Protein chains: 2
Amino acid sequence: MQLKDINTEEKIIEAAKNAFMKYGLYGARMQDIADNAGINKALLHYYFRNKEKLFDYVFDGALSKYFEQMLVFSDTSLPIKERIFKYIDNIIDFLSEYPQMSMFIIKEISVNEELFYEKVQNIKKDKGVHLIALLNEGMEKNEIPMIDPTVVMMNIHSLCAYPFLASPIFKAIEKSSGVSFHDEENQKLKKSVKEFVDFKLTLNKN
Amino acid sequence: MQLKDINTEEKIIEAAKNAFMKYGLYGARMQDIADNAGINKALLHYYFRNKEKLFDYVFDGALSKYFEQMLVFSDTSLPIKERIFKYIDNIIDFLSEYPQMSMFIIKEISVNEELFYEKVQNIKKDKGVHLIALLNEGMEKNEIPMIDPTVVMMNIHSLCAYPFLASPIFKAIEKSSGVSFHDEENQKLKKSVKEFVDFKLTLNKN
DNA sequence: GAATGGTTTAACCATATGGTTAACAAAAGT
DNA sequence: ACTTTTGTTAACCATATGGTTAAACCATTC
């Protein structure tokens, strides 16, 4: 029974994840989720009470996983740049495994920004420092050169995340076949982002 | 009458744009679109026949505008790097004016990648060269150093587009107040992307 | 004023949608 | 073996949804 219990709930979560990622909260259909989970629709309500709660559960899980990749920013045993490098490795590996994750988060933000902001404060309260704070710390400690932390923060996140979001755009527009994100492409992407970080954050350039 | 005719159609398109950008094809509601356009719902069908055709009209318009920003890649009166710089100016100005545009395109791709691919071929057939071809041309002409065109193409698009997509993420996660994209922020973003292009594409680095 | 073409409206339609309910089945507890 | 608890199902419900229809309205032309 316990095994069965977990299987039904997990089936629902998996199907819901796919549906919400693709169609969003308002576009996803409960009957479709049930069909894809191989269960009766009433079970969605038995386990998760309503559509919104199911969505919240799935979305909160996605956000938590996303923030986990940033924990390394707090790792004071590493120098600033190492932390950033490690984050780059983390986030690219993570997004390669869950390519839809950024899309999911970004899509839902555009629908309900205020709710998102609230969720982030709740989930993030114990998730360590952010990249801007880290960059500011690096400048104070003279570990990195003077830069605009906001712009560099945006640049780094952009370089890491956008390729996964825009992979189909690249395919269609640039007729590029090299954007399927296997290990080799991930390594290239990581390397290029780290080169950028070196370019921006190496002290001996000044 | 002609004036009146244009106004109703434009009202519909504007309201539809907002709704589809926010909720997608399946999440947006025709009654909401009509309400926000200040018209009777039956008019949506009178002018655009059905939801999908209305969506196609809006989405095709968005794609066309997006591709217009890339026309500069074909401008053979400019050296390679100038074309890329001009594209950076174009796309950042464009996305600053229509911040939801990338979101719209990316969101819909994730729902229907095949249809998107088809549309791109249709719309793009006379829209000039792409960035990868341009980078390859630059390397052949020895205007730029040897680079991986796919990776650099991804980097440039990422740096230009992601900040507009992820602005609310940055606000919530990084508690950054400097991500509202007025002229000053745009100039900073343009400058940082061009610095990256210089870093990657300047010959005397080799 | 009547005819014409275009625009707009309210009512209507068939189906879809998220959610509820009662009955039944299976598992756990005594 | 019986009772209680948990899980599942099919049917049902009230409302929402995209779309249709016929009539009314509007503006222009003759």
Side-chain angles (χ1 to χ4, degrees), chain A residues 1-62 104 107-108 110-112 115 119, chain B residues 1-62 104 107-108 110-112 115 119:
Chain A
M1 186 201 79
Q2 191 74 324
L3 195 68
K4 212 172 186 180
D5 186 1
I6 287 175
N7 278 346
T8 299
E9 188 170 345
E10 292 221 338
K11 279 186 201 165
I12 293 173
I13 291 165
E14 194 58 35
K17 206 185 295 179
N18 292 332
F20 288 135
M21 278 186 183
K22 191 166 181 177
Y23 298 106
L25 169 60
Y26 300 107
R29 297 291 169 254
M30 295 294 258
Q31 186 61 62
D32 288 341
I33 292 168
D35 289 343
N36 292 327
I39 58 158
N40 183 291
K41 181 165 66 81
L43 287 182
L44 301 180
H45 304 278
Y46 177 80
Y47 281 91
F48 292 95
R49 203 53 178 279
N50 62 39
K51 192 180 188 183
E52 195 167 328
K53 283 182 163 64
L54 177 58
F55 176 81
D56 279 349
Y57 185 88
V58 170
F59 191 61
D60 288 352
F104 186 30
K107 277 166 77 171
E108 297 314 319
S110 71
V111 175
N112 194 338
L115 180 63
K119 281 180 187 295
Chain B
M1 184 198 84
Q2 192 75 324
L3 195 68
K4 212 171 186 180
D5 185 3
I6 288 174
N7 278 345
T8 300
E9 189 170 342
E10 292 221 340
K11 278 186 204 169
I12 293 173
I13 290 164
E14 195 57 35
K17 206 183 295 178
N18 293 331
F20 289 135
M21 278 186 182
K22 189 167 184 176
Y23 298 107
L25 169 60
Y26 300 106
R29 297 289 168 257
M30 295 294 258
Q31 185 63 61
D32 288 341
I33 292 168
D35 288 343
N36 292 328
I39 59 157
N40 184 290
K41 180 163 69 80
L43 287 181
L44 301 179
H45 304 276
Y46 178 78
Y47 280 91
F48 291 95
R49 201 52 175 282
N50 61 39
K51 191 178 185 182
E52 197 169 325
K53 285 181 161 65
L54 177 59
F55 176 81
D56 279 349
Y57 185 87
V58 169
F59 190 61
D60 289 351
F104 186 32
K107 275 165 79 171
E108 297 313 318
S110 72
V111 175
N112 195 336
L115 180 64
K119 282 181 184 297

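Keep in mind the model is a prediction, meaning the values are calculated, not measured. Chain naming here is simple, since letters A, B, ... match the order of the sequence lines and numbering starts at 1 in each.
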Problem - Ionic contact status for B:Glu14 with B:Lys17, cut-off 4.0 Å - result: yes
Exercise for the section: Give the rounded distance in Å between these two atoms: OH of B:Tyr46 and P of D:dC25. Expected result: 17 Å
Problem - Contacts of type side chain to side chain contact (heavy atoms under 4.5 Å, CB included), residue B:Lys51, not counting sequence neighbours - result: B:Phe20, B:Leu25, B:Arg29, B:Met30
Fill in the blank from the handout: Side-chain atoms of B:His45 come closest, of C:dT9, D:dT9, D:dT20, to D:dT20
Exercise for the section: Can you tell me the distance, in whole Å, between the CG atom of B:Asn7 and the C1' atom of C:dT7? Expected result: 13 Å
Exercise for the section: Select base, sugar-phosphate, or nothing to describe what B:Ala28 touches, counting heavy atoms under 4.0 Å on all strands. Expected result: sugar-phosphate
Completion exercise
Closest non-hydrogen contact found for B:Lys41 with B:Ala34 is CA-CB, 3.6 Å
Handout entry: Distance in angstrom units between A:Leu44 CG and C:dT20 P, rounded
Key = 12 Å
Handout entry: Non-hydrogen side-chain atoms of A:Asn112 and A:Glu108 separated by less than 4.5 Å
Key = no
Problem - Value in whole Å for how far the C1' atom of D:dG7 lies from CZ of A:Phe48 - result: 14 Å
Problem - Net bend of the helix from C:dG1-D:dC30 to C:dT30-D:dA1, end axes of five pairs each, nearest 10 degrees - result: 10°
Exercise for the section: Looking only at side-chain atoms of A:Ala42, point me to the closest of C:dT21, D:dG18, C:dG19. Expected result: C:dT21
Handout entry: Closest contact, heavy atoms only, A:Tyr23 versus A:Lys107
Key = N-NZ, 4.1 Å
Exercise for the section: Identify the two heavy atoms, one from B:Ile33 and one from B:Ile12, that lie closest to each other, and give their separation to 0.1 Å. Expected result: CG2-O, 4.2 Å
Completion exercise
Considering only heavy side-chain atoms of B:Arg29, the closest of D:dT17, C:dG18, D:dG7 is D:dT17
Exercise for the section: Establish whether the base of D:dG18 is bridged to the side chain of B:Lys41 by a donor-acceptor pair shorter than 3.5 Å. Expected result: yes
Completion exercise
A:Tyr26 OH to D:dG18 C1', in whole Å, measures 19 Å
Handout entry: Least distance between heavy atoms, B:Ala28 atom then B:Ala19 atom
Key = CB-O, 3.8 Å
Handout entry: Side-chain N or O of A:Thr8 closer than 4.0 Å to phosphate OP1/OP2 of D:dG7
Key = no
Exercise for the section: Please report the closest heavy-atom contact between B:Ser110 and A:Lys22, naming both atoms and the distance. Expected result: O-CG, 3.8 Å
Practice task
Mind checking B:Asn50 for me? I need base, sugar-phosphate or nothing, with any heavy atom below 4.0 Å counting as a touch.
Solution key: sugar-phosphate
Exercise for the section: Check whether any side-chain nitrogen or oxygen of B:Tyr47 sits under 4.0 Å from OP1 or OP2 of C:dG6, and answer yes or no. Expected result: no
Exercise for the section: Report the distance from atom CD of A:Glu52 to atom C1' of C:dG19, rounded to the nearest whole Å. Expected result: 14 Å
Practice task
Could you walk me through whether B:Asp56 and B:Phe48 pass the side-chain contact (heavy atoms from CB on, under 4.5 Å) test, one step at a time?
Solution key: CA-CA 10 Å; B:Asp56 279 349; B:Phe48 291 95; over 6 Å; no
Problem - Gap between atoms CG and P, on B:Asn40 and D:dC25 respectively (whole Å) - result: 15 Å
Completion exercise
Taking C:dT9, D:dG18, C:dG19 as options, the one with an atom nearest any side-chain atom of A:Lys51 is C:dG19
Practice task
May I have the step-by-step check of side-chain hydrogen bond (donor to acceptor under 3.5 Å, both in side chains) for A:Gln31 and A:Asp35, ending in yes or no?
Solution key: CA-CA 6 Å; A:Gln31 186 61 62; A:Asp35 289 343; 3.0 Å; yes
Problem - Nearest-nucleotide comparison on DNA chain C, the residue closer to the 5′ end among A:Arg49 and A:Asp32 - result: A:Asp32
Which atoms of nucleotides 22-24 of chain C (N or O only) lie under 3.5 Å from a protein N or O atom, and what are those distances?
none

Problem - Distance in angstrom units between A:Phe55 CZ and C:dG18 C1', rounded - result: 16 Å
